[in-house]
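One structure is given below, encoded as structure tokens.
Quick note: numbers below take in every heavy atom, side chains included, and nothing from hydrogens, waters or symmetry partners. Just so you know, ligand 1 is whichever comes first in the structure, and atom 1 is the first atom listed for that ligand.
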Amino acid sequence: MTDWKNPPKLFIPGPVHVLPEVLQQMARPTLGHRLKEYSQLHGEVAEMLKKILYTNQHIFLSTSSASGIWEASIRNCVQKDETVLCCMCGAFSDKFASVAKACGRKVEEFKIEWGQAFTAEMIDEKLATGKYPIVTLVYNETSTGLANPVYEISKMMKEKYPDVLVFVDVVSGVVGLPLHFDELGWDVAFASVQKAFAIPPGFAIAAVSNRAVEKSATVPERGYYFDFQQFVKTAAKDQTPTTPSIPHIMALHYKCNMLLEEGMENVWKRHEQLANYVRGWGKENGFELFPQAGYESNTLTAFKNTRGIDVAAVNKGLQEKHNIVFGNGYGKLKNETFRIAHMGDVTIDDLKELLGWIEEEIN
Ligand SMILES: Cc1ncc(COP(=O)(O)O)c(C=O)c1O
């Protein structure tokens, strides 16, 4: 029997398995968050994140999950009379629109079928109406295993709509997929750390553009906990507005060092290799890919359950025999799809073992 003290190894699309040495970072002696030792830690993490996200603008460290930054982006940077164009192609991009509505903002729901990708042409057509000063996008749709072509979309937007603000949820894409924040011309990009950073959940990071910060100063009722103005003010001292989860920041410091030592190009390539391996396994074993061809994610693979396996029963068998789990389909895609996460510190050997055990259960 597994319990919370002896949990299964995680191959769900977050939280993912955490290396013991990363966990150990979280047990370091605590720091005073207004003392110089903390500022040193914070400053070093922010500098490393700038390199990882390819930005010279603002980095915020947020003691929240990523959902907090969904809300922060809207509350800080959208006026009440502006309409946000929310590009919806799966559960999480759908939720981004729900958050904007919950914050009392006007939303244009731009819905396409789950598993389909947004192209630059599709977004161009909407923006040509001139009605939308803000666009929300999800880079990597965790619910469908799809990566939107954000480089093409951003290139088009920079050329044709340079004044439109772009908020991108990069929660399950960051670190696993290329991301050059400044070159892409984005305004807010954010992620929680339990995905490809492979750190325990409960913390998020954001890159925010100078113009988004400037705009936030003009938006009333930004709220308290996620006020960008307070983040900027305290970041100038390498601090956060409120007491942060310092153990998470210690783990992030360790992880950022690991990533930069490996080199981001290599990290992205490694994720691509893991994805290719999993896709190849699916092909050999009679499972089609769920997302639109050409837009498959490199951090997780969503398979159509073409063989009609009992996903929950397979997972139960894996858990009982090997103490390991993979992801069922998300929401309405439960049992119709299943998802294998290959982000963070997962190796080909880990995947070989997992997929071999899945084969034993289904054959
Ligand atoms: C794409 C995406 N966006 C947002 C979230 C919400 O993140 P959090 O649970 O860290 O708030 C998730 C969680 O899985 C996600 O996959």
Side-chain angles (χ1 to χ4, degrees), residues 10-18 60-75 84 86-103 112 114-118 135-150 153 166-177 179 186 188-207 225-226 244-245 248-249 251-252 255 271 275 290-291 295-302 325-334 337-344:
L10 300 175
F11 286 85
I12 56 173
V16 301
H17 180 69
V18 180
F60 297 155
L61 304 183
S62 178
T63 299
S64 67
S65 75
S67 303
I69 321 281
W70 265 337
E71 185 154 339
S73 64
I74 301 293
R75 293 198 70 173
V84 186
C86 293
C87 299
M88 301 158 71
C89 60
F92 293 99
S93 38
D94 287 4
K95 282 189 198 190
F96 206 163
S98 306
V99 171
K101 283 191 261 179
C103 293
I112 60 173
W114 281 28
Q116 297 296 299
F118 278 101
V135 173
T136 70
L137 262 179
V138 170
Y139 190 172
N140 194 72
E141 241 311 340
T142 323
S143 61
T144 61
L146 173 125
N148 276 308
V150 292
I153 294 168
V166 192
F167 305 161
V168 190
D169 169 332
V170 299
V171 172
S172 60
V174 79
V175 181
L177 308 180
L179 199 172
W186 290 350
V188 186
F190 52 90
S192 30
V193 296
Q194 74 271 18
K195 311 279 185 184
F197 275 110
I199 291 172
F203 202 78
I205 56 119
Y225 193 69
F226 294 110
S245 175
H248 276 104
I249 303 172
L252 199 51
K255 208 59 221 241
H271 280 85
F290 180 76
Y295 300 97
E296 299 88 354
S297 160
N298 281 345
T299 57
L300 77 142
T301 297
V325 280
F326 62 95
N328 203 326
Y330 191 94
K332 67 184 183 188
L333 297 177
K334 194 169 176 182
T337 64
F338 63 94
R339 297 170 301 157
I340 311 281
H342 33 80
M343 57 179 104

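- For Phe92 and Tyr330, the ring centers sit closer than 6.0 Å to each other.
- Not a single donor-acceptor pair under 3.5 Å links the side chain of Asp169 to the backbone N or O of Ala189.
- Using the six-membered ring where Trp is involved, Trp70 and Phe96 have ring planes that are tilted, between 30° and 60° apart.
- The contact shell of ligand 1, taken as protein residues with any non-hydrogen atom closer than 4.0 angstrom, comprises Ser65, Ala66, Ser67, Trp70, Phe92, Asn140, Thr142, Asp169, Val171, Ser192, Gln194, Lys195.
- Partners of Ala207 according to the side-chain contact (heavy atoms from CB on, under 4.5 Å) rule, which considers only residues two or more places apart in sequence or in another chain, are Leu53, Thr55, Ile59, Phe181.
- Residues forming a side chain to side chain donor-acceptor pair (under 3.5 Å) with His271 (at least two apart in sequence, or on another chain): none.
- The side-chain contact (heavy atoms from CB on, under 4.5 Å) search around Val18 returns Val22, Leu23, Pro200, not counting sequence neighbours.
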